[in-house]
Amino acid sequence: MQSFDHDIVVSGGGIAGLAAAAAFGQAGFSVLCVDPAPPVTDRAAEGADMRSTAFLQPSQALLAEIGLWDRLAAHATPLQTMRIVDAGGEAPEPRVTRDFDAADISDKPFGWNLPNWLLRREFAAHLDALPDVEFRTGTAAQRLFTRESEARVGLDDGTRIRARLVIAADGRNSAMRQAAGIDVRTTRFGQKALAFAVTHDAPHGNVSTEIHRTGGPFTLVPLPDHDGRPSSAIVWMETGPRADALAAMDVSDFEDAMTERSAGLFGPLRLVTRRAVWPIIAQEATRLSAQRLALVAEAAHVVPPIGAQGLNMSLKDIATLRDLAVAAPERLGDCAMLDAYHDARIGDIRTRVAGITALNRISMLSPQPLRDLRAQGLDALYSVAPVRRTLMQLGLGARD
Ligand SMILES: Cc1cc2nc3c(=O)[nH]c(=O)nc-3n(C[C@H](O)[C@H](O)[C@H](O)COP(=O)(O)OP(=O)(O)OC[C@H]3O[C@@H](n4cnc5c(N)ncnc54)[C@H](O)[C@@H]3O)c2cc1C
């Protein structure tokens, strides 16, 4: 009988890696999750993740099932409506506004928004309470040796861990993916996203608002009130040089620029956090598995932050892999299980990466006639009720 140090090694303790460790730990597998960086769990601390994540309905259901939602519910802001605004005319003002209301397709909101730094705090605390899960920070997974019956992961402290399955959740430059020799296809847009939080005069009313002009979308996602004022997380996508210039502006000039870019819809915007800058790419791995290895989350797919798809796709990866493991625990990490994982997820991933890439290109449009066409297109899609409902179901992941 072969002996293993753990059933599973998860490389990467970002939100996806922590969620994978929780899901497999709760299903009764022993898990070691490693990450070189300890999670930053305070919004004001250097290095805190300024993004927020909108968990769509299927993701919320998974988090509830694995016992994480109880810790999150009190901090979550529901997203009842997704508002798309085209402000692509000569002046930065709204000219087409269309509301997608979750009530059209469901008796629940589309999703629930939470700040990423808080997610890391709560996920890490949850893992502490799981008896068979160890979260080891300050350690990177460096090397991978596999054979048919096992994987050995070489950590950068010199130790080697024997496991039945390695889950690569170590981000877009995944060391485990590279060690297994899996290629990626990458699309570059010459674009960056600024992520930060603001307060504003007008209440958000649990509406997520995506404003299109040039350079990419400007999206406000509702947060709980901050210092007694309505608050939102913003993701502002722009061409790289413009994003760098915005990140370097003094706060008052930046506030003027973002208020103008928001078409004044919420009154003056006030910055209440640091501005973090993220390079925007689309990327997909050519395969989602190799011997004893499964890729999840950004190790497998990266999309521009449009329609809250990135981490929601990642949770679908994790749920699929967990379901296969639970269905046949004795086959954990074997070739048939990993082929089944690849087959189950690759179609959805390819479709979503291609769809979001196209939407991003449309949002970046600069020439006026094309911007006019975009506004007409939004209007046309919205006005046909079955098309509108199908788009909402697709966005939610309730339909493939
Ligand atoms: C601006 C912005 C807004 C977004 N908003 C949303 C949203 O609303 N909804 C949504 O679903 N998605 C959203 N996304 C996408 C989402 O944030 C990402 O999909 C998700 O955070 C990626 O998670 P990850 O765990 O794969 O990668 P990462 O967060 O990059 O985590 C990877 C981890 O692996 C660790 N690591 C690296 N190398 C190693 C190694 N050798 N060994 C061990 N560990 C290693 C790193 O330290 C890191 O902690 C957004 C993305 C951006 C850029």
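Counting convention: from 1, in listed order, for ligands and their atoms alike.
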Quiz item: Any salt bridge between D227 and R229, counting N to O under 4.0 Å?
Solution: no

Quiz prompt | Residue portion contacting ligand 1 (non-hydrogen atoms closer than 4.0 Å) for A169 | solution = backbone

Quiz item: Does the N or O separation between A37 and ligand 1 drop below 3.5 Å for any pair?
Solution: no

Practice problem: Please report the closest heavy-atom contact between I318 and F24, naming both atoms and the distance. | Solution: O-CE1, 4.5 Å

Quiz item: Would you call S174 a ligand 1 contact, heavy-atom distance under 4.0 Å?
Solution: no

Quiz item: Taking heavy atoms and a distance under 4.0 Å, where does I15 meet ligand 1: side chain, backbone, both or neither?
Solution: backbone

Practice problem: Report the part of Q142 in contact with ligand 1, treating N, CA, C, O as backbone and CB onward as side chain, heavy atoms under 4.0 Å; options are side chain, backbone, both, neither. | Solution: neither

Quiz item: Where on R51 is there a heavy atom closer than 4.0 Å to ligand 1, on the side chain, on the backbone, on both, or on neither?
Solution: side chain

Quiz item: Does R120 come within less than 4.0 Å of ligand 1, judged by its heavy atoms?
Solution: yes

Quiz item: Looking only at heavy atoms, is any part of A16 under 4.0 Å from ligand 1, and if so is it the side chain, the backbone, or both, or is it neither?
Solution: both

Quiz item: Short question: side chain of S174, backbone of D170 - any donor-acceptor pair under 3.5 Å?
Solution: no

Exercise. Say whether, by atom type as modelled, one donor and one acceptor occur between the side chain of D156 and the main chain of Q142 under 3.5 angstrom.
Key: no

Quiz item: For ligand 1, which atoms have a heavy atom of A175 less than 4.0 angstrom away?
Solution: 41 (N)

Quiz prompt | Part of P305 with heavy atoms under 4.0 Å of ligand 1, whether side chain, backbone, both or neither | solution = side chain

Quiz item: With H6, which of V153, V31, L32, V133 fulfils side-chain contact (heavy atoms from CB on, under 4.5 Å)?
Solution: L32

Quiz item: Would R164 count as a cation-pi partner of F29, with NZ or CZ less than 6.0 Å from the six-membered ring centre and within 45° of the ring normal?
Solution: no

Quiz item: If you measure from the Lys or Arg side-chain nitrogens to the Asp or Glu carboxylate oxygens, is any gap between D201 and R270 under 4.0 Å?
Solution: no

Exercise. Please check atom 47 (O) of ligand 1 for a protein heavy-atom neighbour under 4.0 Å.
Key: yes

Self-check item: Non-hydrogen protein atom less than 4.0 angstrom from atom 14 (N) of ligand 1
Solution: no

